[in-house]
Student: 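Got a structure for you, questions after.
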Amino acid sequence: GAELGDVAVPCGGGRRFHVSRRDTAVVCIDLQVDFLDADRGRVAKHYDERTLAHAHAARDNAARLLAAARRGGLTVAHSRSHRYGARIRRDLVGSGDAGYALDAAVAARPGEIVVDKWTFGAFASTDLEARLRRRGVTRILLCGVLTNVCVMATAVQACDRLFRVCLVEDATGAFDAGWHESAVGLINGPQVAAGHARAPAATGLYFGEKTTVANVEAALAGL
């Protein structure tokens with residue numbers, strides 16, 4: 001109903017995720033050159049183009065998602081990670097380093113939230129929660145890389161902070177399709193289990209719904 005949001009995005013298991021420009025943000029995780037560019041990226045250089053194809057598809061779909069969110073007037077937030085395995089590179093923050101930058105196709109625009117993190121999840125080491133709360137955000141459309149690392153961790157951390165989460169699956173990627181699928185299952189599996197829609201825990205709080213960019217685009221066209 002209208003009290004839940006202005007439009008409803010169809011999700012896995014026949015469920016819906018309500019979206020409103022008043023309370024919904026698109027949160028993009030770590031769509032940086034370091035994770036996407038085999039020539040310049042600190043992490044991506046260790047993978048061949050075939051392996052990177054899944055992450056590249058996520059980047060391209062995230063660009064579509066961002067375009068729809070901006071047209072619809074949703075809040076937009078981006079994270080950048082300076083954690084590389086067990087190494088923390090705080091020196092990269094604010095340095096203008098080309099690898100640390102967001103990929104040009106999904107770069108932040110003026111007025112959008114950008115946070116720099118050293119934890120896998122985007123909430124634990126940043127002021128992301130406070131900045132989203134100030135804008136009235138209670139619901140998150142989540143995308144980015146890598147599904148099985150920082151996206152998964154962000155979904156859990158968002159859930160712990162009582163944000164409602166919907167993973168935009170095809171705008172999310174990993175270096176292995178199997179790792180991606182496993183993480184999606186962990187995030188979304190409890191939501192779509194048989195009988196779960198009538199259970200007390202069916203409020204979208206562990207860990208997220210699942211949808212596609214096309215579903216979000218169609219729904220946001222109705223805002």
Side-chain angles (χ1 to χ4, degrees), residues 1-29 31 54 57-79 105-109 111-113 122 128-129 131-145 147 151-152 154-156 158-159 161-173 180-181 183-193 196-198 201-223:
E3 74 281 359
L4 293 176
D6 292 337
V7 295
V9 178
C11 297
R15 296 166 64 85
R16 296 186 298 169
F17 187 81
H18 292 271
V19 169
S20 165
R21 62 172 56 94
R22 297 183 305 275
D23 67 9
T24 307
V26 168
V27 176
C28 302
I29 301 300
L31 288 167
H54 195 266
R59 185 250 340 261
D60 296 343
N61 285 328
R64 288 174 49 201
L65 178 65
L66 282 170
R70 288 162 176 159
R71 287 193 301 269
L74 271 59
T75 294
V76 174
H78 310 259
S79 74
V106 285
R109 293 187 178 177
E112 296 179 349
I113 296 168
L128 179 59
E129 179 180 7
R131 295 174 73 176
L132 291 175
R133 298 290 187 203
R134 283 198 293 270
R135 300 190 187 201
V137 172
T138 60
R139 303 172 191 275
I140 291 170
L141 293 163
L142 184 63
C143 70
V145 296
T147 319
V151 174
M152 175 74 193
T154 299
V156 174
C159 180
R161 289 159 175 81
L162 301 183
F163 288 97
R164 301 293 177 87
V165 176
C166 182
L167 182 74
V168 186
E169 182 180 9
D170 53 349
T172 308
H180 170 83
E181 293 297 334
V184 172
L186 289 171
I187 293 168
N188 182 241
Q191 303 294 77
V192 295
H196 188 75
R198 292 179 296 279
T203 52
L205 286 179
Y206 71 110
F207 290 103
E209 307 292 352
K210 178 181 74 171
T211 194
T212 64
V213 174
N215 283 343
V216 176
E217 287 174 322
L220 291 183
L223 280 178

Student: Taking side chain as C-beta onward, heavy atoms only, is Ile187 less than 4.5 Å from Met152?
Tutor: yes

Student: If you compare all heavy atoms of Val7 against all heavy atoms of Ala219, which two are closest, and at what distance to 0.1 Å?
Tutor: CG1-O, 3.4 Å

Student: Okay, side chain of Asp23, backbone of Thr138: is any donor-acceptor separation there less than 3.5 Å?
Tutor: no

Student: Do the side chains of Ile113 and Leu132 get nearer than 4.5 Å, heavy atoms only?
Tutor: yes

Student: Taking all non-hydrogen atoms of both residues, which atom of Leu186 and which atom of Phe207 are closest, and how far apart?
Tutor: O-CD1, 3.6 Å

Student: Keeping Thr147 on the side-chain end and Gly173 on the backbone end, is there a donor-acceptor pair under 3.5 Å?
Tutor: yes

Student: Looking at side-chain heavy atoms only, is the closest gap between Leu128 and Ser79 below 4.5 Å?
Tutor: no

Student: Out of curiosity, Asn188 CG to Glu169 CD, how far, rounded to the nearest 0.5 Å?
Tutor: 8.0 Å

Student: Could you report the tightest heavy-atom contact between Ala122 and Ile29, atom names first, then the distance?
Tutor: CB-CD1, 3.8 Å

Student: Looking at Ala69 and Val76, what are the two nearest heavy atoms and their distance?
Tutor: CB-CG2, 4.3 Å

Student: Atom CG of Leu65 and atom CG of Leu74: how far apart are they, to the nearest 0.5 Å?
Tutor: 9.0 Å

Student: To the nearest 0.5 Å, what is the distance between CG (Asp60) and CG (Asp170)?
Tutor: 11.0 Å

Student: In Å and rounded to the nearest 0.5 Å, what is the SG to CG distance from Cys143 to Asn61?
Tutor: 9.5 Å

Student: Just by distance, do the side chain of Arg22 and the backbone of Gly136 share a donor-acceptor pair under 3.5 Å?
Tutor: no

Student: Hey, what do you get for OG1 (Thr75) to CZ (Arg70), rounding to the nearest 0.5 Å?
Tutor: 12.5 Å

Student: If I take atom CD from residue Glu209 and atom CD1 from residue Ile140, how far apart are they, to the nearest 0.5 angstrom?
Tutor: 13.5 Å

Student: What heavy-atom pair brings Arg16 and Ala8 nearest, and what distance separates the two atoms?
Tutor: CD-CB, 3.9 Å

Student: Under the side-chain contact (heavy atoms from CB on, under 4.5 Å) criterion, do Thr172 and His180 qualify, and how do the steps go?
Tutor: CA-CA 8 Å; Thr172 308; His180 170 83; 4.2 Å; yes

Student: Do the side chain of Ser20 and the main chain of Asp6 share a donor and acceptor less than 3.5 angstrom apart?
Tutor: no

Student: Kindly give the heavy-atom pair with the smallest separation between Val106 and Ala63, and that separation in Å.
Tutor: CG1-N, 3.7 Å

Student: Could you tell me if the side chain of Leu31 sits less than 4.5 Å from the side chain of Val145, heavy atoms only?
Tutor: yes

Student: How would you list, by chain and number, every residue that makes a ring-ring contact (aromatic ring centres under 6.0 Å, His included) with His78, sequence neighbours excluded?
Tutor: none

